[in-house]
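Scope of the values below: all heavy atoms of this structure, side chains included, with no hydrogens, waters or symmetry mates.
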Amino acid sequence: TDTHYLPPRSGHHHLTLFLSQVARLTPNGTTAAAAGLARAASLLKRRGLIVAVSDFYDDGEALVEMRRLSRMGHEVLVVQTLAEDELTLPAKGAVEFVDAETNRTLVVQPELARSAYQARVTEWLRGFEAAVRRDGMDYLRISTTDVLETVLRRYLSSRAGVAG
């Protein structure tokens, strides 16, 4: 996957540069969030704001790295992005699901599994958010249909006390 590095700076111009780079990003391939977070920990010498964006399906490893960054003095914003279908399991009839990262397949009757699936997803999301917040990090959950740049602009503007 592509790696983009923008050295840390402060100021409105740097924020604009950061958000314009975010706006140009396109998802491609797969990678573990933990690997990117570990790289950030090795690159960043000054305290700053770390924005981690992922579905966090590898939440255990990613949480370890985010905690490490937080203990190093960085502010950590965790942005969990999920598709609406991942939350609701709307499919009908027999469906074969393929894990995009492992290629494992599973045939499911969504009508029969939906209630238990939604309960487990809700439990996982609540547990993940609680762990993030317990460690003093900020948490946002967004949909894959949300525009990341807009969400980040709103969040960062609210932190700075600027109407956004």
Output field: ring centroids F56/W124 closer than 6.0 Å: no
Pairs satisfying side-chain hydrogen bond (donor to acceptor under 3.5 Å, both in side chains), at least one member in residues 62-72, at least two apart: E65-R68, R67-D135
Any donor-acceptor N/O pair, Y117 side chain to E86 backbone, under 3.5 Å: yes
From Y139 atom OH to Q80 atom CD, the distance as rounded to the nearest 0.5 Å: 3.5 Å
Short side-chain to backbone donor-acceptor contact, Q118 and T88, under 3.5 Å: yes
L140 with V147, same ILVMFWY side-chain cluster at under 4.5 Å: no
Closest heavy-atom pair and its distance - L89, R114: O-NE, 2.7 Å
H74 side-chain N/O to L69 backbone N/O, donor-acceptor pair under 3.5 Å: no
Sub-4.5 Å side-chain heavy-atom contact between V78 and M66: yes
Residue R47 excluded, over 12 heavy atoms near CZ under 6.0 Å: no
Reference residue L148; test side-chain contact (heavy atoms from CB on, under 4.5 Å); the match among T81, V51, V53: V53
Heavy-atom closest pair, residues V108 and P110: O-CD, 3.2 Å
Spacing of CD belonging to E84 relative to OG1 belonging to T145, to within rounding of 0.5 Å: 7.5 Å
Closest heavy-atom pair and its distance - A94, Q109: N-OE1, 3.0 Å
From R39 atom CZ to L44 atom CG, the distance as rounded to the nearest 0.5 Å: 9.5 Å
G93 backbone acceptor or donor facing E111 side chain under 3.5 Å: yes
CG on L125 to CZ on R120, rounded to 0.5 Å: 12.5 Å
ILVMFWY cluster, V95 and L106 together (side-chain gap under 4.5 Å): yes
CA sep, side-chain torsions, deciding dist, call: L77, Y155, side chain to side chain contact (heavy atoms under 4.5 Å, CB included): CA-CA 10 Å; L77 168 61; Y155 170 82; 3.5 Å; yes
CG on L37 to OG on S54, rounded to 0.5 Å: 8.5 Å
CG on D138 to CD on E75, rounded to 0.5 Å: 7.5 Å
